[in-house]
Amino acid sequence: MTTLRKVMLVDDEDDIRTIGNLSLSRVGGWQTVLASSGAEALEKAAAEKPDLILLDVMMPGMDGPTTFGKLRAQEATARTPIIFMTAKIQKQEVARYLELGALGVIGKPFDPMTLPQEIRKLVPG
């Protein structure tokens with residue numbers, strides 16, 4: 001049973017972090033932690049211990065799948081549920097992310113009014 005209180009959004013785009021933050025906090029009612037890169041995500045996730053991480057696939061430097069691997073290798077985030085977010089939803093891509101161990105994949109651009117609902121559908125509760 002996963003109770004979501006704190007959700008972390010990792011995305012290199014300012015506007016996506018802004019809209020995501022509004023969606024997660026206002027519509028979802030969750031405490032939100034934002035990170036703009038994979039490196040920042042690793043640091044903040046270890047300190048903040050979010051209940052869920054929304055992870056952008058395409059980021060400069062450390063991309064989503066690489067960040068995912070490093071989050072899994074870190075004791076604090078080894079079991080934190082992770083959902084990938086990507087503009088390129090193709091069956092084989094989705095299958096690859098699920099094989100990595102992601103809870104699911106949410107398409108971008110997302111609808112800020114329904115994002116929390118999409119998340120709740122993916123999170124086992």
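Because the structure is predicted, anything quoted here is derived from the model rather than measured. All residue numbers refer to positions in the sequence shown, counting from 1.
The closest side-chain heavy-atom distance from Asp12 to Ser37 is not below 4.5 Å. At least one side-chain heavy atom of Leu4 sits less than 4.5 Å from a side-chain heavy atom of Ile119. The shortest distance between side-chain heavy atoms of Lys108 and Met58 does not fall below 4.5 Å. At least one side-chain heavy atom of Leu52 sits under 4.5 Å from a side-chain heavy atom of Leu103.
In terms of the side chain to side chain contact (heavy atoms under 4.5 Å, CB included) criterion, residue partners of Ser23 (sequence neighbours excluded) are, by chain and number, Pro112, Leu115, Pro116. In terms of the salt bridge (Lys or Arg N to Asp or Glu O under 4.0 Å) criterion, residue partners of Glu48 (sequence neighbours excluded) are, by chain and number, Lys6. Annotation: side chain to side chain contact (heavy atoms under 4.5 Å, CB included) contacts of Ser25 (sequence neighbours excluded): Asn21, Thr32. With sequence neighbours excluded, the residues satisfying side chain to side chain contact (heavy atoms under 4.5 Å, CB included) with Glu93 are Gln90, Arg96, Tyr97. Scored by the side chain to side chain contact (heavy atoms under 4.5 Å, CB included) test, Arg26 finds Leu22 as partners (sequence neighbours excluded).
Judged by distance alone, with hydrogens and angles left aside, the side-chain atoms of Thr66 form no donor-acceptor pair with the main-chain N or O of Met62 at under 3.5 Å.
The CG atom of Asp56 sits 12.0 Å away from atom CD1 of Ile106, with the distance rounded to the nearest 0.5 Å. Rounding to the nearest 0.5 angstrom, the gap separating the CG atom in Leu9 from the OG1 atom in Thr18 is 9.5 Å. Considering CD of Glu40 and CG of Leu34, their distance stands at 8.5 Å, rounded to 0.5 Å.
Between Met59 and Gly38, the closest heavy-atom pair is CE-N, 4.0 Å. Here the closest heavy-atom approach between residue Gly64 and residue Leu55 is recorded as O-CD2, 3.4 Å. Taking all atoms of both residues into account, the shortest heavy-atom contact from Ala35 to Arg17 is O-CD, 3.5 Å.
Only one option out of Val7, Val33, Ile19 pairs with Leu24 in a side-chain contact (heavy atoms from CB on, under 4.5 Å); it is Val7.
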Side chains of residues 68-89: which donor-acceptor pairs under 3.5 Å do they make with residues two or more places apart or in other chains?
from  : atom 1 : to    : atom 2 : distance (Å)
Arg72 : NH1    : Thr77 : O      : 3.0
Arg72 : NH1    : Ala78 : O      : 3.1
Arg72 : NH1    : Thr80 : O      : 2.9
Arg72 : NH2    : Thr80 : O      : 2.8
Gln74 : NE2    : Leu42 : O      : 3.1
Gln74 : NE2    : Thr77 : OG1    : 3.4
Thr77 : OG1    : Leu71 : O      : 2.5
Thr86 : OG1    : Lys88 : N      : 3.0

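Connection of Leu122 to Val27 is not established within any shared hydrophobic cluster, with ILVMFWY side chains joined at heavy-atom distances below 4.5 Å, either directly or through further cluster members.
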